[in-house]
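Following: one structure in structure tokens, then a few remarks.
Lettering of chains follows the sequences in order, A, B, ..., and the numbering in each one begins at 1.
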2 protein chains.
Amino acid sequence: MTRRRTHGFDCAPGCSVEAALSLIDGKWKGVILFHLLERPMRFNEIRRKLATVTQRMLTTQLREMEADGLITRTVFAQVPPRVDYALSDLGRTLEPALHALKTWGDSNMHLFSPAPDTLNAS
Amino acid sequence: MTRRRTHGFDCAPGCSVEAALSLIDGKWKGVILFHLLERPMRFNEIRRKLATVTQRMLTTQLREMEADGLITRTVFAQVPPRVDYALSDLGRTLEPALHALKTWGDSNMHLFSPAPDTLNAS
DNA sequence: CAGCATCCCATTAGATACTG
DNA sequence: CAGTATCTAATGGGATGCTG
């Protein structure tokens with residue numbers, strides 16, 4: 001994340017936007033939350049969804065969101081180890097915001113994407 | 001910003017969330033956009049709203065959002081110089097997402113704020 | 001007023017190796 | 001499987017000084 005742990009309290013109007021962003025910010029948090037919206041997942045399951053994330057990054061992102069109370073971490077005492085990550089009640093309240101972002105992204109991403117297939121498709 | 005210019009196109013499902021976040025991410029973009037939602041503003045006007053931002057940061061954030069097509073920059077040829085920043089049409093389409101974030105922030109910010117006045121108010 | 005240029009330090013995040 | 005530890009490259013972002 002960038003502004004992480006910086007949601008300083010020199011809050012001006014508009015600050016709550018920042019506060020919200022500071023939580024879902026962090027290179028992978030948005031997508032992670034979005035995937036967890038669908039269902040709880042195990043560590044490597046999430047990792048596979050993200051493909052290019054390093055385990056170090058995934059760990060820190062998950063830990064931070066856990067600390068922020070957005071997700072829960074459930075360890076199953078078994079071999080091989082199993083750890084489930086799921087949205088907390090608080091995390092679920094982000095759903096509208098997450099969907100608003102996704103909706104926007106779906107509508108407008110093409111504006112920023114080089115649209116790879118149209119390049120050599122001519 | 002963090003993931004800035006990284007909305008790489010190894011897009012998995014959920015990626016559009018990232019794409020959207022990558023644009024409003026960046027320490028100040030969220031708040032700036034939010035303020036511009038109200039009305040166009042001049043450079044120092046925005047700066048005053050943000051209070052702790054450096055002009056270097058403000059400049060880069062504005063430039064990036066301009067490059068992303070989210071805001072417009074209008075220079076008035078006069079002395080002293082005047083430059084207005086305003087949301088573009090595209091920028092305006094972010095309004096629902098921005099409001100969703102603000103709504104969430106307003107409802108839940110107290111969870112993350114030390115609530116300064118309650119500290120010595122025992 | 002609204003910037004740009006430079007210097008510089010703090011933080012971030014990738015790669016790699018090891019573990020219960 | 002689900003991590004932790006360490007080391008390092010890259011980036012972010014503050015401070016300061018100058019300009020049309």
Specify the separation, in whole Å, of atom CG of A/Asp25 and atom C1' of D/dG13.
15 Å
Ignoring backbone atoms, test whether B/Tyr85 places a side-chain nitrogen or oxygen under 4.0 Å from the OP1 or OP2 oxygen of C/dG3.
yes
Please determine if a side-chain N or O atom of A/Arg63 lies less than 4.0 Å away from the OP1 or OP2 oxygen of D/dG3.
yes
Roughly, in whole Å, what's the span from CG in B/Leu58 to C1' in D/dG14?
14 Å
Under a 4.0 Å heavy-atom cut-off, which of residues 70-83 of chain A touch DNA chain D?
A/Arg73, A/Pro80, A/Pro81, A/Arg82, A/Val83
Could you tell me the separation between the CD atom of B/Glu64 and the P atom of C/dC4, rounded to a whole number of Å?
13 Å
Measure the distance from CZ on A/Arg47 to P on D/dG3 and round it to the nearest whole Å.
11 Å
Nucleic acid footprint by protein, nucleotides 14-19 of chain C - heavy-atom cut-off 4.0 Å, B for base, S for sugar-phosphate alone
BB-B--
Separation of atom CD1 in A/Ile46 from atom P in D/dA2, rounded to whole Å:
9 Å
Numerically ordered, the residues 38-45 of chain B set in heavy-atom contact under 4.0 Å with DNA chain C is B/Arg42, B/Phe43, B/Asn44
Which residue lies more 5' along DNA chain C, comparing B/Arg48 with B/Thr60 via nearest heavy atoms
B/Arg48
For the pair made of CD in B/Gln61 and P in D/dT11, what is the distance, rounded to whole Å?
17 Å
